[in-house]
Amino acid sequence: MSSWTHRTFAPALLAWFARHGRHDLPWQRDPTPYRVWISEVMLQQTQVAVVIPYFERFVTHFPDLATLAAAPLDEVLHVWSGLGYYARARHLHQAAQQACHAHGGHLPADRAQLQALPGIGRSTAAAILSLAHGQRQAILDGNCKRVLARCFAVPGWPGTAPVQRQLWDLAERLTPLAAVADYNQAMMDLGATCCTRAQPGCDRCPLAAGCQAYRQGRVADYPAARPRRRLPVRQTRLLLIADPSGAVLLQRRPPAGIWGGLYVPPVIAADADPAAWCREQLGLPIRRVEMLPLRRHSFTHFQLDIEPVALWLTAAAASIGDSDWCWADPRHPGRLGLPTPIKALLIEFHGISSQVSANRSIGDCTTTANRAGGSAHRS
DNA sequence: AAGCCGGGGCA
DNA sequence: TGCCCAGGCTT
């Protein structure tokens, strides 16, 4: 076979799919538009194996569009928490409300109308329409991009507009007239299980016979990698403020930016004095301060060095008037959205905190007031 | 430690 | 239109 055409590509793929594709994913068992939508948005950022438990949990909490639309955003973020990209949970919630309003409680079955909803782009709209409605709509997710870039030796990084256009063009032309749901699922499955980024299984690939990259012996060169840049490093301090009962102060972050809409302990400048900040900004009297080991978090565009600072109050604090603030049990923060690293940090902090109170009850009441702002006792 | 991922937002 | 952004996971 010299190369795949729109006549030969789909049959070869579908034959493979019948034997080796995935047919029992949770959202395939009852592929309603709502369930396909939720799964597609989750799969935009996370691999299937990780998504499955989150999907089950999400559709149990919010079984349909109306339930999701009526739920408080905090609850949606809470159920989403751990998946990352929290703007997507907000978009899900917004889109559910819009669809309930404008489309009579259903997701529209039209691509332009779907794409008008927040968080639904061309590929996600096409996935919903093909997988749930059987419409002939081409998809182009990361798996499809890799399969097509290799099969047709498409040069360049798929993030650029020209490469994107070529790949969409191929996707449109190769999408068959019938069995589109199976075909689209097959493209994603092949990319996920056979035409993988590293160590692809070309020896068992149904498309290898006409794959240009395979013929050239350059499968690893497609698709071209994103041009890389150096990540800037930012520094912050994160204040773990505990009252005598062990409750920790959390603040809801603004909707845009890092950890948007999630609850996180107060974040202050890396050179700010934690105890002074607590007194001046919050009016909280501090009994003891302890600097905890630095930890580094990587995001796509920068790295964040977080220096956690534990602060213990002399007395129980009154609740802070602003509704964006709350006191929470670090082990069971309740129905709040928390970023995964913060969740872990709170658990750790609870361990330290209970040791401190144990020591205190033995009689060690000395307030080891480390000077905050100075260098931490860290080797 | 670096790559990955689909869509939103902004100049 | 062309950038920049986000976050947990795999490799």
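Hydrogens, waters and symmetry mates are skipped; everything else that's a heavy atom, side chains included, is used. Here is the naming used below: chain letters follow the sequence lines, and residue numbers restart at 1 for every chain.
- In this structure, the CD atom of A:Gln115 is 14 Å from the P atom of B:dG9, given to the nearest Å.
- The CZ-P distance, from A:Arg253 to C:dA6, rounds to 10 Å in whole Å.
- Here the P atom of nucleotide B:dA1 and the CG atom of A:Leu304 are 15 Å apart, to the nearest Å.
- At the heavy-atom level, A:Ala161 lies under 4.0 Å from the strands shown only through sugar-phosphate atoms.
- Taking a 4.0 Å limit (strictly below) on heavy-atom distances, residues 135-152 of chain A does not reach DNA chain C anywhere.
- Closest to the side chain of A:Ile258, out of B:dG7, C:dA6, C:dT10, is C:dA6.
- For B:dA11 and C:dA6, the P atoms lie 16 Å apart once the distance is rounded to whole Å.
- Atom CD of A:Gln94 is separated from atom P of B:dG9 by 8 Å (rounded to the nearest Å).
- Looking at heavy-atom distances under 4.0 Å, A:Leu43 makes no contact with the nucleic acid at all.
- Counting any heavy atom pair closer than 4.0 Å across all strands shown, A:His297 reaches no nucleic acid atom.
- Across the protein-nucleic acid pair, A:Arg122 atom CZ and B:dC5 atom P stand 18 Å apart, rounded to whole Å.
- When the shell of 6.0 Å around CZ of A:Arg335 is examined, it contains 12 or fewer heavy atoms from other residues, nucleotides or ligands.
- Between A:Thr124 and the phosphate of B:dG7, there is a side-chain N or O to OP1/OP2 separation shorter than 4.0 Å.
- Using a 4.0 Å heavy-atom criterion, one finds that A:Thr340 contacts the sugar-phosphate atoms exclusively.
- What separates NZ of A:Lys343 from P of C:dG8 is a distance of 9 Å, to the nearest Å.
- Figure legend: cation-pi geometry between A:Arg252 and A:Trp325 absent, as NZ or CZ is not positioned both under 6.0 Å from the six-membered ring centre and within 45° of its axis.
- When the nucleotides C:dG8, C:dT10, B:dG7 are ranked by their closest atom to the side chain of A:Gln47, C:dT10 comes out on top.
- Nearest nucleotide to the A:Arg197 side chain, out of B:dG7, B:dC4, C:dG8: B:dC4.
- The side chain of A:Gln44 lies closest to B:dG7 when the candidates are C:dG8, B:dG8, B:dG7.
- In this structure, A:Arg150 fails the cation-pi test against A:Tyr222, since its NZ or CZ atom is not both closer than 6.0 Å to the six-membered ring centre and inside 45 degrees of the ring normal.
- Side chain of A:Val50, nearest nucleotide from B:dC4, B:dG7, C:dT10: C:dT10.
- Annotation: ring pair (Phe, Tyr, Trp, His ring centres under 6.0 Å) contacts involving residues 39-65 of chain A, sequence neighbours excluded, comprise A:Trp27-A:Phe55, A:Phe58-A:Phe62.
- A:Leu117 comes within 4.0 angstrom of the backbone, heavy atoms only, and of no base.
- Within 4.0 Å (heavy atoms only), A:Phe302 reaches sugar-phosphate atoms of the nucleic acid but no base atom.
- Between A:Arg165 and A:Gln199, the one whose closest nucleotide on DNA chain C sits nearer the 5' end is A:Arg165.
- Following rounding to the nearest Å, A:Arg90 (CZ) and B:dG7 (P) show an atom-to-atom distance of 17 Å.
- OP1 or OP2 of B:dG8 has not a single side-chain nitrogen or oxygen of A:Tyr85 nearer than 4.0 Å.
- At whole-Å resolution of the value, CE in A:Met42 and P in C:dA6 are 21 Å apart.
- Nearest heavy atoms, A:Ser130 versus A:Gln137: CB-O, 4.1 Å.
- DNA chain C is contacted by both A:Trp259 and A:Ala198; A:Trp259 maps to the nucleotide lying nearer its 5′ end (nearest heavy atom per residue).
- Under a 4.0 Å N-O distance rule, the pair A:Glu172/A:Arg165 does not qualify as a salt bridge.
- The shortest distance between side-chain heavy atoms of A:Val233 and A:Gln235 falls below 4.5 Å.
- By the 30° and 60° cut-offs, the orientation of the rings of A:Phe302 relative to A:Phe299 is parallel.
- Around the NE2 atom of A:His23, the shell of radius 6.0 Å holds more than 12 heavy atoms that belong to other residues, nucleotides or ligands.
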